[in-house]
Amino acid sequence: GMAWAVCCARICQMYPTIELSQLAARFFRVLNRWDWRQPLMLDGPTAPAPAPQMVASSAAGALEMIGAAPPLMTVMLPVGAGLSTTTTVTA
């Protein structure tokens, strides 16, 4: 749920003036073409986002410590530093 909400909000940030009928198509097109090695996160006006390499390495490191596989996709919460909504999503 939360990951989908962040994905929807990110697409709305990318295309703020697009009509709703086109927005749905863009949503699936952008997510299909997204380079999931880079985390998806909202653009925030106040706090700088953590560097994608730091987020990916900290998430991978935490998962490695518990013996889990690295995430297939990472969607970051808009609050906190390095909080992922997708740490429990598996294939």
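Side chains are part of it too, since the values below use all heavy atoms of this structure and drop only hydrogens, waters and symmetry mates.
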Heavy-atom donor-acceptor pair, W34 side chain to R29 backbone, under 3.5 Å: no
How about M2: does its CE atom have over 12 heavy atoms from other parts shown lying under 6.0 Å from it? no
In this structure, are over 12 heavy atoms from other groups packed under 6.0 Å from E19 atom CD? no
Between the CG atom in L42 and the CE atom in M14, the distance rounded to the nearest 0.5 Å is 11.5 Å
Heavy atoms, side chains only, cut-off 4.5 Å: are L40 and L31 in contact? yes
What's the spacing between R26 CZ and S21 OG if we round to 0.5 Å? 10.5 Å
side-chain contact (heavy atoms from CB on, under 4.5 Å) between W4 and F27: does it pass, once the steps are laid out? CA-CA 11 Å; W4 286 111; F27 174 83; 3.6 Å; yes
If you compare all heavy atoms of M41 against all heavy atoms of R10, which two are closest, and at what distance to 0.1 Å? O-CD, 3.1 Å
